[in-house]
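Every value quoted in this text rests on a predicted model; they were computed, and no experiment measured them.
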Amino acid sequence: MTQNSPPLVLPAGLARTLAALQDKDQRRLDDTITRLHTVNGRLWDTEDRVRGTLLSAAQVADCKREIDQLNAERNMLAERADEVLGTLADAGCADAPLHTETLASVVDRLSVLTLRIWHSEQTASRDELARRRVPALHGQREELCAALDSLVTDVVAGRRRLPVPARFKLYGRDDVAPAEVKPSRRLDRVLAFGGLSECGKSTSAEFVRRMCGAQRLKIGFLLRQAAHREGLADPYALSARRQAELLLGELNRFAEAHVDTRLFTIESVHDDASIAELKQLMSDRLQIVYLDASFAVRVERSGTPAPTVAAKDEIKMSRGAHQVAALADHVIDNSGSIAALRARLRRIAAPPASATLRVATPYGLGLPAAVASATADFTDAVRAYGPGVRLAALTGSPGEGTWIAGWSDLDLLVVAEHEVTDRVHEAVSQYRSALNGAASLGPTLVTPGELTARRLTPRLAFALYQLQQGQPALHAAPNTELPAITRDELALAAVRELPQVILTMRRLRAEAGPHTLRQLYKHLVLACRLLLREHDQWESGPNRILSAASQMPGLTAASVPSLAEISSAWRDRDTETVLKPVTAAVDQLLAWYASQLAA
């Protein structure tokens, strides 16, 4: 509303009926009617201003243009209000008498009448005609409220039906296209979500925003922004091509303003024609995602009666929402589990790619002969399982060249289809037996689906990153697809993983003794590695990691023996000389960490 304008008060009968709507529909309707009343107030003020005698021709033209824009917005808001108000109607009243106007049209008239009363009362003290009109205007308002309540009662009961709410106004129509719009170089990927009512569009877009760092945008918002920028009153009156160009222009602006964001989502796609034009402009940079689910499932999820969902579907289908499925790059059946939906969304938002991995024999990893021989036998065994086993690798110290007999574990990563996991378990068991205590084996078995759906622990993500950076694998099947892991992802993963490492380190510190030296030292190194990642420092090898960590702001350098010294003491069971400095370094790091997070 304009300053000091009166609020719009809906009649009691309509207010009671609206209270039965779903919460989100109530909020949407309240916002729409409030904006409609505000626009009517601005329209009144602008029409008063254009009648002024001191305006230049240019100022009159500006006012006329503003009036067109406000009228277009008024009609758009009335249509939006009818999308919700129309759901009050009994779906089975097709033979009922047709009313002359929609419920939103009556609410719009009530808004204008409220403003007329208020303006008349403001001038009544100096305008006799206005003073005499005030009682009649109040009488008109009472009659209109009573008529609206009666209409609502009849509509809900199925005694009267409402006309199609589309107004097809042509305010500000401009089909002349500007110079060709091309995607910004910063606009890498856009996911456009479509589907009928309650199919999961908003839920999916929010998941992609939260888990993939996408910028989430509404198509209606983008079009309104573009229309305001271009001086167009009603973007929905434009051709499908022009709407697509306006959308792309706004997406380009967002991409240029958010240079660190490469993934955007837009919702909801209800117009098949304009999204087809946008696809033509953007090609594969735009991925159209259509979410499908049976009517029964959507009704159950909505928590509202079936006629309400059907009414919303009818409105969306009148605009071509159901035809978006034929244009979609991805059609997702969202009748199943949330885990399946999210896995599919992650693959679409961050698609895996065929990885070119370096493969080396176990004898090139600096392993003792017996360990290398057992590893080679294991590699031959899983390679014989064919395409069911996609990848096998020793991660961590073997790849970094820091593996030490009697100290280091063999961290084994196997990527295999679920159907062959029993055979992989058997091969791992034989591998462990062949090692005969020469090394401790720590296997991690994951399916390709888990990887491409990015269901990854931070340590697994780091292992994949190291492989993609050139650390060798034992076996990689042709065309193996892996998720591309970035440093930014690992830095965020470090933030999530570090608290658990710190908690474990405190527990080990409380139990400090010769038997905990190895674990205590490894957690010290891991904590420092994670802290360095947060500072965008990437070091490998325990000695270099501890040295680099000692340079972090406020952390005094600790005198920690080298890995060779500690591992030698561990193997010789002479841990007293190295346990004390390791414990002191742990104490220092824990104290520093607590101080950094203090309130």
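The shortest side-chain heavy-atom distance between Leu341 and Leu291 falls under the 4.5 Å cut-off. Side-chain atoms of Val428 and Leu445, non-hydrogen and from C-beta on, never get closer than 4.5 Å to each other. No side-chain heavy atom of Lys279 sits less than 4.5 Å from a side-chain heavy atom of Leu327. Side-chain contact between Arg298 and Asp313 is present, with heavy atoms from C-beta onward closer than 4.5 Å. Counting heavy atoms from C-beta outward, Thr402 and Ser408 have side chains that stay 4.5 Å or more apart. His523 has its side chain out of reach of Arg507: every pair of non-hydrogen atoms, C-beta onward, lies at least 4.5 Å apart. Between Ile404 and Arg571, some side-chain heavy-atom pair lies under the 4.5 Å cut-off. At a threshold of 4.5 Å between non-hydrogen side-chain atoms, the residues Val299 and Glu198 do not count as touching.
More than 12 non-hydrogen atoms from other residues, nucleotides or ligands lie less than 6.0 angstrom from CZ of Arg210. Remark: His418 NE2 is loosely packed, at most 12 non-hydrogen atoms of other residues, nucleotides or ligands lying under 6.0 Å away. For Lys580, the NZ atom counts as loosely surrounded, since its 6.0 Å shell holds 12 or fewer non-hydrogen atoms of other residues, nucleotides or ligands. Summarising the local packing, CD of Gln596 is surrounded by more than 12 heavy atoms from other residues, nucleotides or ligands at distances under 6.0 Å. Other residues, nucleotides and ligands contribute at most 12 non-hydrogen atoms within 6.0 Å of the CG atom of Asn479.
Taking the charged nitrogens against the carboxylate oxygens, Glu426 and Arg423 have no contact shorter than 4.0 Å, which rules out a salt bridge. The existence of a salt bridge linking Glu497 and Arg529 is excluded, since no basic side-chain nitrogen approaches an acidic carboxylate oxygen closer than 4.0 Å. A salt bridge is absent between Asp333 and Arg344; no separation between the charged side-chain nitrogens and carboxylate oxygens falls under 4.0 Å. Of the charged side-chain nitrogens involved, none lies within less than 4.0 Å of a carboxylate oxygen, so that Glu481 and Arg347 do not count as a salt-bridged pair. Classification of Arg455 and Glu450 as a salt-bridged pair fails, no side-chain N sitting under 4.0 Å from a carboxylate O. A salt bridge links Arg383 to Asp380: at least one charged side-chain nitrogen sits closer than 4.0 Å to a carboxylate oxygen. Using a 4.0 Å cut-off between charged side-chain N and carboxylate O, Glu256 and Arg253 make no salt bridge.
Within the 3.5 Å criterion, the main-chain N or O of Val371 finds a donor-acceptor partner in the side chain of Thr375. Checked by atom type and distance alone, the side chain of Thr203 never pairs as donor or acceptor with a backbone atom of Gly200 at under 3.5 Å. Judged by distance alone, with hydrogens and angles left aside, the side-chain atoms of Arg189 form a donor-acceptor pair with the main-chain N or O of Ile348 at under 3.5 Å. Between the side chain of Arg358 and the backbone N or O of Gln468 there is no donor-acceptor pair closer than 3.5 Å. Although no hydrogens or angles enter the test, the distance criterion places no donor-acceptor pair under 3.5 Å between the side chain of Asn252 and the main chain of Leu187. With Ser595 contributing its side chain and Trp592 its backbone, the two residues share a donor-acceptor pair below 3.5 Å. No side-chain donor-acceptor contact under 3.5 Å links Ser429 to the backbone of His425. The backbone N or O of Glu565 sits nowhere less than 3.5 Å from a side-chain atom of Ser568 that would complete a donor-acceptor pair. A donor-acceptor contact shorter than 3.5 Å is absent between the side chain of Arg454 and the backbone of Leu451.
Atom CD1 in Ile266 sits 8.0 Å away from atom CG in Leu217 (nearest 0.5 Å). A distance of 5.5 Å separates CE in Met552 from SG in Cys528, rounded to the nearest 0.5 Å. The structure places CD1 of Ile288 at 9.5 Å from NE2 of His330, a figure rounded to the nearest 0.5 Å. Note that the CD atom of Glu267 and the CD1 atom of Ile219 stand 8.5 Å from one another [nearest 0.5 Å].
Classified by interplanar angle (parallel below 30°, tilted 30° to 60°, perpendicular above 60°), the ring pair Phe462/Trp538 is parallel.
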Arg518/Asp409 under side chain to side chain contact (heavy atoms under 4.5 Å, CB included): CA gap, chis, key distance, verdict
CA-CA 11 Å; Arg518 182 168 173 272; Asp409 291 329; 2.6 Å; yes
One pair to check against side-chain hydrogen bond (donor to acceptor under 3.5 Å, both in side chains): Asn543 and Ser562. What are the steps and the verdict?
CA-CA 6 Å; Asn543 295 336; Ser562 68; 5.2 Å; no
Given side chain to side chain contact (heavy atoms under 4.5 Å, CB included), test Leu503 with Arg506 step by step and report yes or no.
CA-CA 5 Å; Leu503 292 176; Arg506 282 203 185 98; 4.1 Å; yes
Show the numbers, then the answer: is there a side chain to side chain contact (heavy atoms under 4.5 Å, CB included) between Ile338 and Phe207?
CA-CA 11 Å; Ile338 192 70; Phe207 173 78; over 6 Å; no
Would Leu367 and Leu394 satisfy side chain to side chain contact (heavy atoms under 4.5 Å, CB included), going step by step from the backbone distance to the final call?
CA-CA 11 Å; Leu367 301 172; Leu394 289 177; 3.9 Å; yes
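Applying the side chain to side chain contact (heavy atoms under 4.5 Å, CB included) test between Tyr521 and each of Val578, Leu508, Leu563 identifies Leu563 as the sole match.
Nearest heavy atoms, Leu520 versus Met505: CD1-O, 4.0 Å. The heavy-atom pair separating Thr265 from Arg216 by the smallest distance is OG1-CA, 3.3 Å. Here the closest non-hydrogen pair linking Arg262 and Arg186 is CD-O, 3.5 Å. Nearest heavy-atom pair, Pro553 versus His535, reported as atom, atom and distance to 0.1 Å: CD-NE2, 4.3 Å. Across all their heavy atoms, Ser268 and Lys201 have their closest contact at OG-CE, 3.2 Å. For the residue pair Lys316 and His270, the shortest heavy atom distance occurs at CE-NE2, 3.3 Å.
Under 3.5 Å, the side chains of Asp488 and Thr486 contain no donor-acceptor pair of N or O atoms. If you check the side chains of Gln215 and Thr261, you find no donor sitting under 3.5 Å from an acceptor. Between the side chains of Ser202 and Glu206, no donor-acceptor pair of N or O atoms lies under 3.5 Å. For the residue pair Ser540 and Arg544, a side-chain donor N or O sits within less than 3.5 Å of a side-chain acceptor on the partner. Using modelled atom types and a 3.5 Å distance limit, the side chains of Thr395 and Asp411 yield no donor-acceptor pair.
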